[in-house]
**Q** 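Below: one structure in structure tokens.
Start at 1 and go down the list; that is how both ligands and their atoms are numbered. Just so it is clear, the values below take in all heavy atoms, side chains as well, and ignore hydrogens, waters and symmetry mates.
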Amino acid sequence: MGSMGKVLGVGLVVGCAVAMCVVAGTMVGKRVKSRRRWTKVVKVLEEFEEGCATPVEKLRQVVDAMAVEMHAGLASEGGSKLKMLLTFVQNLPNGSEKGVYYGLDLGGTNFRVLRVQLGGQRSAILEPGVERQPIPEHLMTSTSEELFDFIAASLQKFVEKEGNGSVALEGKLRELGFTFSFPMKQASVSSGILIKWTKGFSIHDTVGKDVSECLNQALERRGLDMRVAVLINDTVGTLALGHYHDEDTVAAVIIGTGTNACYLERSDDIIKCQGLLTTSGAMVVNMEWGNFWSSHLPRTSYDIELDSESPNPNDQGFEKMISGMYLGDIVRRVILKMSQESDVFGLSFSKLLTPFILRSPLIAAMHEDDSPDLREVARILGEILEIGDVPLKVRKLVVKVCDVVTRRAARLAAAGIVGILKKMGRDGSGSTASGKVKGGSHTKMRRTVVAIEGALYTSYTLFREYLNDAIADILGEDISSHVVLKVMEDGSGMGAAVLAAAYSSSGQDTL
Ligand code: ADP
Ligand code: MG
């Protein structure tokens, strides 16, 4: 009995030891598996980061490609993916403008009606009246007449609110600058034919029509004493306002829902329409740079998928790597890939399959979360993507993805800007003296101002810092100290009103 008991006892002990070994074995197995999965996730990030790399040498290649494409787009119609559209803006505001003018901004998410009062001598634009409203969605796909009637009605309400203080002079129409940020073919500064709608608008009977004429007719139908004096896009408005405040302003960039740029070009360099251009020797060219493409752009499989699933594949390639409409969706695609490679985001990630669920303000909020436990990241993952209980190290990974996407976007936009400066001979390189002025015994760089607008630059601090740093990286501290990026708040609409002033008063200085 005694020995039996002993044997039994030993047997029990042995049995327990075996069981414990099995438990320990599974735990080690789990840990090994989870480490392997973590390695996989990290690998997704590392490969993505590598694909997005923008060392300064690469940025310089993008700069060169941009300048080359600008030349090609100016040489012939269809010569480049850059359309390099003529705007017929040959005079920019110089500060001498006087009077009351109106502006209308249609083309982004919001629609703006505004008024400026100018007193000459680069007067401050005091208490400009600005009214913002979203475009009613049904109008985006209605008829031309309905859309322009809505715009005219908004203008009428705006003017009526002013009271009698600003009645137009007897027999004179009030002048309006119309910012219409869709591709147009222009033959004068006050008219333009709509080539195609973008950004969710689709009104078939406007395509091929003169947009100014459409608005003028709607104004007439309402008996409003107003007419379109200039028809421009948002980049041109921003350049005009920039030049009103500072005559060294020679280019403008928009980085908001979409991205685009314009700049002042010498008429002689606009080869594709020699003879068309007369008075001032220069014209603002609307680059439509969102459509820029170069093999030097750092493109990943996520970009390729985003493009092929978009309504406009092979179109707007530069824009799809840079602007607010797309940043969040690149981030989403990378996180989705991570969630498919492992269970670091848990097992339910269906929300991650929803295109465009992550908007760029959310990317900014996660990226700029400075709480030690990344509370904002956890909140957004939980509330928007319905992924709960994400460990800190995974939250850090998400922040890193936002960083990689935003940094690449900002640095590419910077390369685009330097590309314009290079084309203008203002990047400090090249043998042409156009960007330099003789200053005593040595040549000095000319001060160059680039007007900039759009919420990505103005509201996303890390984006702005990356962009500014990249310009310094590419140009070097010395030359970049002569390049100033100036934010033009509401520049696209305000600039239209100021440009209307420049085109209405007689005796304007030419460029
Ligand atoms: P629009 O381009 O429509 O004229 P904005 O210049 O205001 O208007 O840009 C709006 C775009 O900027 C949107 O795509 C929006 O997602 C993005 N955006 C707005 N605020 C922020 C922010 N704080 N951080 C990042 N992106 C933002
Ligand atoms: Mg805008």
**Q** Indicate whether the side chain of Asp403 and that of Tyr466 have a donor and an acceptor atom separated by less than 3.5 Å.
**A**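 The answer is yes; a qualifying pair exists.
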**Q** Taking the six-membered ring for Trp, are Phe148 and Phe150 closer than 6.0 Å centroid to centroid?
**A**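 No, the ring centres sit 6.0 Å or more apart.
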**Q** Quickly, which of Trp293, Tyr326, Phe292 forms a ring pair (Phe, Tyr, Trp, His ring centres under 6.0 Å) with Phe318? Name it, please.
**A**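 One option only clears the test, and that one is Phe292.
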**Q** Quick one, Tyr457 with Phe463, criterion ring-ring contact (aromatic ring centres under 6.0 Å, His included). Give me CA distance, side-chain angles, the key distance, then yes/no.
**A** CA-CA 6 Å; Tyr457 189 81; Phe463 183 98; 7.1 Å; no
**Q** What residue and heavy atom of the protein are closest to atom 21 (C) of ligand 1, and at what distance?
**A**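 For atom 21 (C) of ligand 1, the nearest protein heavy atom is Pro361 CG, 3.8 Å.
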**Q** To which protein heavy atom is atom 24 (N) of ligand 1 closest, and what is the distance rounded to 0.1 Å?
**A**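 For atom 24 (N) of ligand 1, the nearest protein heavy atom comes out as Ala364 CB, 3.4 Å.
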**Q** Any idea which protein heavy atom is nearest atom 4 (O) of ligand 1, and the distance to it?
**A**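 Result for atom 4 (O) of ligand 1: Gly108 CA, 3.7 Å.
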**Q** Name the option, out of Gly328, Ser459, Ala455, Gly258, that contains the heavy atom nearest to atom 19 (C) of ligand 1.
**A**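 Looking at heavy atoms only, Ala455 sits closest to atom 19 (C) of ligand 1.
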**Q** Taking only heavy atoms of Leu456, which atoms of ligand 1 are found under 4.0 Å from at least one of them?
**A**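 Going through ligand 1 atom by atom, the ones under 4.0 Å from Leu456 are 25 (C), 26 (N).
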**Q** Can you tell me the protein heavy atom closest to atom 13 (C) of ligand 1 and the distance?
**A**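 Here the closest protein heavy atom is Thr257 OG1, 3.8 Å.
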**Q** Is a salt bridge present between Lys486 and Asp246, judged by a nitrogen-to-oxygen distance below 4.0 Å?
**A**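 Answer for the salt bridge query: yes.
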**Q** Considering only heavy atoms of Gly454, which atoms of ligand 1 have at least one such atom less than 4.0 Å away?
**A**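 So the atoms of ligand 1 that pass are 6 (O).
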**Q** Taking atom types as modelled, find out whether Asn260 and Asn286 have a side-chain donor-acceptor pair closer than 3.5 angstrom.
**A**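 Result is yes, a qualifying pair exists.
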**Q** For the side chain of Glu50 and the backbone of Leu45, is there at least one donor-acceptor N/O pair under 3.5 Å apart?
**A**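 Here the side-chain-to-backbone pair does not exist.
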**Q** Have a look at ligand 1 and work out which part of Ser360, if any, has a heavy atom under 4.0 Å from it: side chain, backbone, both or neither.
**A**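 Both backbone and side chain.
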**Q** State the atoms of ligand 1, each with its element, that fall below the 4.0 Å cut-off from a heavy-atom position in Gly324.
**A**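 The list of qualifying atoms is 14 (O).
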